[in-house]
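When a ligand or atom number is given, it counts from 1 through the structure's own listing order.
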Amino acid sequence: MKAAVIGASGQIGGWLVHFLKGKGIEAHGTYAGVSYPGLHQLDAADHQAARDWILQLRPSLIFYPAGWTWVDGCEKDPARAEAANVADPLNIALAGHEIGARFVYYSTDYVFDGTSGPNTETDAPKPLSVYGRVKLEAERRLADKLGDRCLCLRTAWVQGPERQGKNFAYQVWKNLSQGKSMICPSDQVSNPTYGPDLAKVSVEMALDGRSGLWNVAGPDLLARDDLGRKVARAFELDPALIVGKTTAELAQPAARPLKGGLDSARLRQHYPAAMRSLDHWLADFRAMCQEPGNHPEWPFVPPQAS
Ligand SMILES: NC(=O)c1ccc[n+]([C@@H]2O[C@H](COP(=O)([O-])OP(=O)(O)OC[C@H]3O[C@@H](n4cnc5c(N)ncnc54)[C@H](OP(=O)(O)O)[C@@H]3O)[C@@H](O)[C@H]2O)c1
């Protein structure tokens, strides 16, 4: 079996390639701007090139952990947000549809307004931001065009080891290692989700032929500043360097859901052990980062020494 992973230089995509190969699947990953050995350069905005690549490769599974994920950037440039998060994946999904490929898309709890989280798959979405609106539009257009050949996984606050070392846990690790404090929202609540767990279960679900909308998020629900303190303690750094401020005080350009998060009960019913708790995955994350030599297949980005 052959699979394509658009955005394999990113955190979810990197782990997808890892787990696909572990299943003996011929996995072909792409990068846009940050190259890694073995990945193919592809700008999904070049619709003809993207379509040609899919039609030539002929994968039976396409994962799309890509897009423009900068929430405040999307707020300032809605046209780019829509192109990168709706039109570009749709173009690749339709090319794949022509050759019978199944498509896996990643969406977000930002499709909700944060008044009633954690939300289930059947709750009515009401996005507050451009990012949330375009992700919801993509969910709907993909489902409309692909039907049961589309699997849409909503997730939240993805953390853990990743090639580019960009996620919130890395920011905490890097800043606090250098004695720098970090201001974090104290009233935005969601589910931290371990990237490797998300990628692993994504592969299982795709291979099981799952379709439709599924919540795939970690089991813990907490505020962002509390997550920062948890990460600090796991890495033996000073949790007092995490400074909580309310969303109103922070005045971020895009509105965020406050009472956010995803209820992944349906996932737990079918894949009970898929998503580890925060304490378990933080221990796993720390061990992997401390012993990168034990994981030569995975190029970790260690924090800068202080
Ligand atoms: N991270 C989260 O907490 C979270 C939460 C909910 C939903 N999601 C969704 O999950 C998906 C993946 O998130 P992530 O955190 O893994 O993102 P990420 O680490 O930022 O990776 C994004 C990937 O997309 C690629 N990419 C960017 N622009 C592209 C383009 N024009 N053409 C082709 N590839 C392009 C990037 O390539 P280069 O780096 O090489 O440029 C990178 O490989 C996104 O759709 C996001 O909306 C993420």
**Student:** If you have a sec, work out which protein heavy atom is nearest atom 23 (C) of ligand 1 and how many Å separate them, to one decimal?
**Tutor:**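 In this structure, atom 23 (C) of ligand 1 has Pro65 O, 3.7 Å as its nearest protein heavy atom.
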**Student:** So, do Tyr105 and Lys135 sit near enough that their side-chain heavy atoms are less than 4.5 Å apart?
**Tutor:**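 SC-SC contact between Tyr105 and Lys135 confirmed.
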**Student:** Specify the protein heavy atom at minimum distance from atom 40 (O) of ligand 1: its residue, its atom name, and the distance to 0.1 Å.
**Tutor:**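 For this ligand atom, the closest protein heavy atom is Ser9 OG, 2.7 Å.
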**Student:** I'd like to check Arg154 versus Pro125 (side-chain heavy atoms, cut-off strictly below 4.5 Å). Are they in contact?
**Tutor:**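 Yes, side chains in contact.
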**Student:** If you count the atoms of ligand 1 from 1 in the order shown, which ones are under 4.0 Å from a heavy atom of Leu42?
**Tutor:**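 Ligand 1 atoms under the 4.0 Å threshold to Leu42: 32 (N), 33 (C).
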**Student:** Among all protein heavy atoms, pick out the one at the shortest distance from atom 21 (O) of ligand 1; state its residue, atom name and that distance to 0.1 Å.
**Tutor:**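 The protein heavy atom lying closest is Gly10 CA, 3.3 Å.
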**Student:** Which residue from Tyr64, Tyr105, Tyr106, Phe168 reaches closest to atom 11 (C) of ligand 1 through any of its heavy atoms?
**Tutor:** Tyr106
**Student:** Of all the atoms in ligand 1, which lie at a distance below 4.0 Å from a heavy atom belonging to Ser107?
**Tutor:** 6 (C), 7 (C)
**Student:** Tell me: protein heavy atom nearest atom 35 (C) of ligand 1, and distance?
**Tutor:**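 I find the closest protein heavy atom is Ala32 CB, 3.4 Å.
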**Student:** So which heavy atom in the protein is nearest atom 31 (N) of ligand 1, and how far is it from that ligand atom?
**Tutor:**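 Of every protein heavy atom, Asp43 OD1, 2.9 Å lies nearest to atom 31 (N) of ligand 1.
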**Student:** Where is the nearest protein heavy atom to atom 16 (O) of ligand 1: which residue, which atom, and how far?
**Tutor:** Ile12 N, 3.1 Å
**Student:** So which protein heavy atom does atom 6 (C) of ligand 1 come closest to, and at what separation?
**Tutor:**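 Heavy-atom neighbour on the protein nearest atom 6 (C) of ligand 1: Thr155 O, 3.3 Å.
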**Student:** Test your reading of the structure: does Gly7 have an N or O sitting under 3.5 Å from an N or O of ligand 1?
**Tutor:**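 Yes, Gly7 has an N/O under 3.5 Å of an N/O on ligand 1.
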**Student:** To the nearest 0.1 Å, how far is atom 19 (O) of ligand 1 from its closest protein heavy atom, and which atom is that?
**Tutor:**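 Here the nearest protein heavy atom works out to Gln11 N, 3.0 Å.
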**Student:** Just jot down the ligand 1 atoms closer than 4.0 angstrom to any heavy atom of Gly33, in number order.
**Tutor:** 38 (P), 40 (O), 41 (O)
**Student:** Could you tell me, atom by atom, which parts of ligand 1 come under 4.0 Å of a heavy atom of Val158?
**Tutor:** 1 (N), 2 (C), 3 (O), 4 (C)
**Student:** Taking only heavy atoms of Lys135, which atoms of ligand 1 are found under 4.0 Å from at least one of them?
**Tutor:** 44 (C), 45 (O), 46 (C), 47 (O)
**Student:** At the 4.0 Å heavy-atom cut-off, does Lys166 count as touching ligand 1?
**Tutor:** yes
**Student:** Would you mind listing which atoms of ligand 1 come within a distance below 4.0 Å of any non-hydrogen atom of Thr69?
**Tutor:**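 The list of qualifying atoms is 20 (O), 44 (C), 46 (C), 47 (O).
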**Student:** The criterion is salt bridge (Lys or Arg N to Asp or Glu O under 4.0 Å); which residues satisfy it with Glu75, sequence neighbours excluded?
**Tutor:** none
**Student:** Would you mind listing which atoms of ligand 1 come within a distance below 4.0 Å of any non-hydrogen atom of Ala44?
**Tutor:**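 Heavy-atom distances to Ala44 below 4.0 Å select 30 (C), 31 (N), 32 (N), 33 (C).
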**Student:** Side chain or backbone of Tyr131 under 4.0 Å from ligand 1, or both, or neither, by non-hydrogen atoms?
**Tutor:**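 The part of Tyr131 near ligand 1 is the side chain, not the backbone.
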**Student:** Out of Pro89, Ala66, Gly14, Gly195, who is nearest to atom 45 (O) of ligand 1 when you count heavy atoms only?
**Tutor:**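 Minimum heavy-atom distance to atom 45 (O) of ligand 1 goes to Ala66.
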**Student:** Is the Tyr170-Phe285 ring centre distance short of 6.0 angstrom?
**Tutor:**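 Yes, they do, as the ring centres are separated by less than 6.0 Å.
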**Student:** May I ask you to list the atoms of ligand 1 that are less than 4.0 angstrom from any heavy atom of Tyr31?
**Tutor:** 40 (O)
**Student:** Listed by chain and number, what are the side chain to side chain contact (heavy atoms under 4.5 Å, CB included) partners of Asp88, not counting sequence neighbours?
**Tutor:**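 Only Ala44, Ala45, His47, Tyr64, Ala84 meet the side chain to side chain contact (heavy atoms under 4.5 Å, CB included) criterion with Asp88.
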**Student:** Measure Trp157 to ligand 1 on non-hydrogen atoms and call it side chain, backbone, both or neither using the 4.0 Å cut-off.
**Tutor:** backbone
